[in-house]
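Values in this document were obtained by computation on a predicted structure and should not be read as measured data.
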Amino acid sequence: MNKYRNKKIIIDGIKFDSIAEGRRYKELKLLQQGNYITDLKLQPKFELQPKYTNNKNEHIRAITYKADFSYIETPSRGRQNGCRRCKRA
């Protein structure tokens, strides 16, 4: 049990840190199957600042962020509300 009392869960052979994260994965998977999103990635790492050496010759580590998911939304397909022709009075 971790400090947030989340329960780990396995979905499609992938281990998630919480039930909510697993639920979100299922939602994103359905959206990908419906072609609403593409390029779904699990736990991608993003480098926010590369490592460097400062003026005092100290080595500073890179700052990274690991997200739960990343994906690309596809453009919407027309009107979502079902209104074919909307007029103003």
Side-chain angles (χ1 to χ4, degrees):
M1 180 115 8
N2 63 15
K3 68 180 181 178
Y4 297 113
R5 298 178 189 245
N6 292 335
K7 293 184 179 179
K8 295 189 184 277
I9 187 170
I10 297 175
I11 299 173
D12 294 339
I14 303 168
K15 185 186 246 184
F16 293 98
D17 290 333
S18 68
I19 294 171
E21 186 178 351
R23 188 179 307 130
R24 180 64 178 154
Y25 170 72
K26 286 182 187 178
E27 292 171 358
L28 291 173
K29 197 169 152 189
L30 285 173
L31 289 172
Q32 187 177 27
Q33 289 172 354
N35 293 328
Y36 290 101
I37 64 170
T38 59
D39 200 25
L40 177 61
K41 294 178 186 173
L42 303 177
Q43 298 199 343
K45 270 183 139 177
F46 298 99
E47 186 176 62
L48 303 177
Q49 177 180 318
K51 65 180 180 178
Y52 67 95
T53 306
N54 65 8
N55 295 340
K56 298 177 185 176
N57 211 20
E58 297 172 331
H59 299 285
I60 309 299
R61 289 188 292 175
I63 299 173
T64 59
Y65 170 72
K66 186 163 69 169
D68 290 336
F69 308 102
S70 76
Y71 54 89
I72 298 171
E73 288 188 32
T74 57
S76 67
R77 303 180 230 165
R79 295 186 180 102
Q80 298 295 323
N81 61 4
C83 177
R84 290 186 179 202
R85 191 171 180 188
C86 299
K87 292 183 179 180
R88 289 191 173 165

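- Contact between Tyr25 and Ile14 at its shortest, heavy atoms only, is OH-CD1, 3.7 Å.
- Summarising the geometry, atom CG belonging to Asp68 is positioned 9.0 Å from atom CZ belonging to Phe16; distances are rounded to the nearest 0.5 Å.
- Closest non-hydrogen pair, Lys45 versus Thr64, comes out as CE-OG1, 4.4 Å.
- A continuous path of Ile, Leu, Val, Met, Phe, Trp and Tyr side chains, each step under 4.5 Å between heavy atoms, connects Leu40 with Leu31, placing both in one hydrophobic cluster.
- Of the inter-residue distances, the one linking Arg61 atom CZ with Tyr52 atom OH reads 12.0 Å to the nearest 0.5 angstrom.
- The salt bridge (Lys or Arg N to Asp or Glu O under 4.0 Å) check on Lys29 picks up Asp12, with sequence neighbours excluded.
- For the residue pair Ile9 and Ser18, the shortest heavy atom distance occurs at CG2-O, 3.4 Å.
- Counting all heavy atoms, side chain and backbone alike, Glu47 lies closest to Ala62 at OE2-CB, 3.6 Å.
- Considering CD1 of Ile72 and CG of Asp39, their distance stands at 4.5 Å, rounded to 0.5 Å.
- At least one side-chain heavy atom of Lys8 sits less than 4.5 Å from a side-chain heavy atom of Asp17.
- Side-chain atoms of Thr74 come within 3.5 Å of backbone N or O of Tyr36 as a donor-acceptor pair.
- In this structure the side chain of Ile11 reaches within 4.5 angstrom of the side chain of Lys26, judged on heavy atoms.
- Follow the hydrophobic side-chain contacts under 4.5 Å out from Leu30 and you never reach Ile37; the two are in separate clusters.
- In plain terms, the two heavy atoms of Phe69 and Glu21 that are nearest each other are CZ-O, 3.5 Å.
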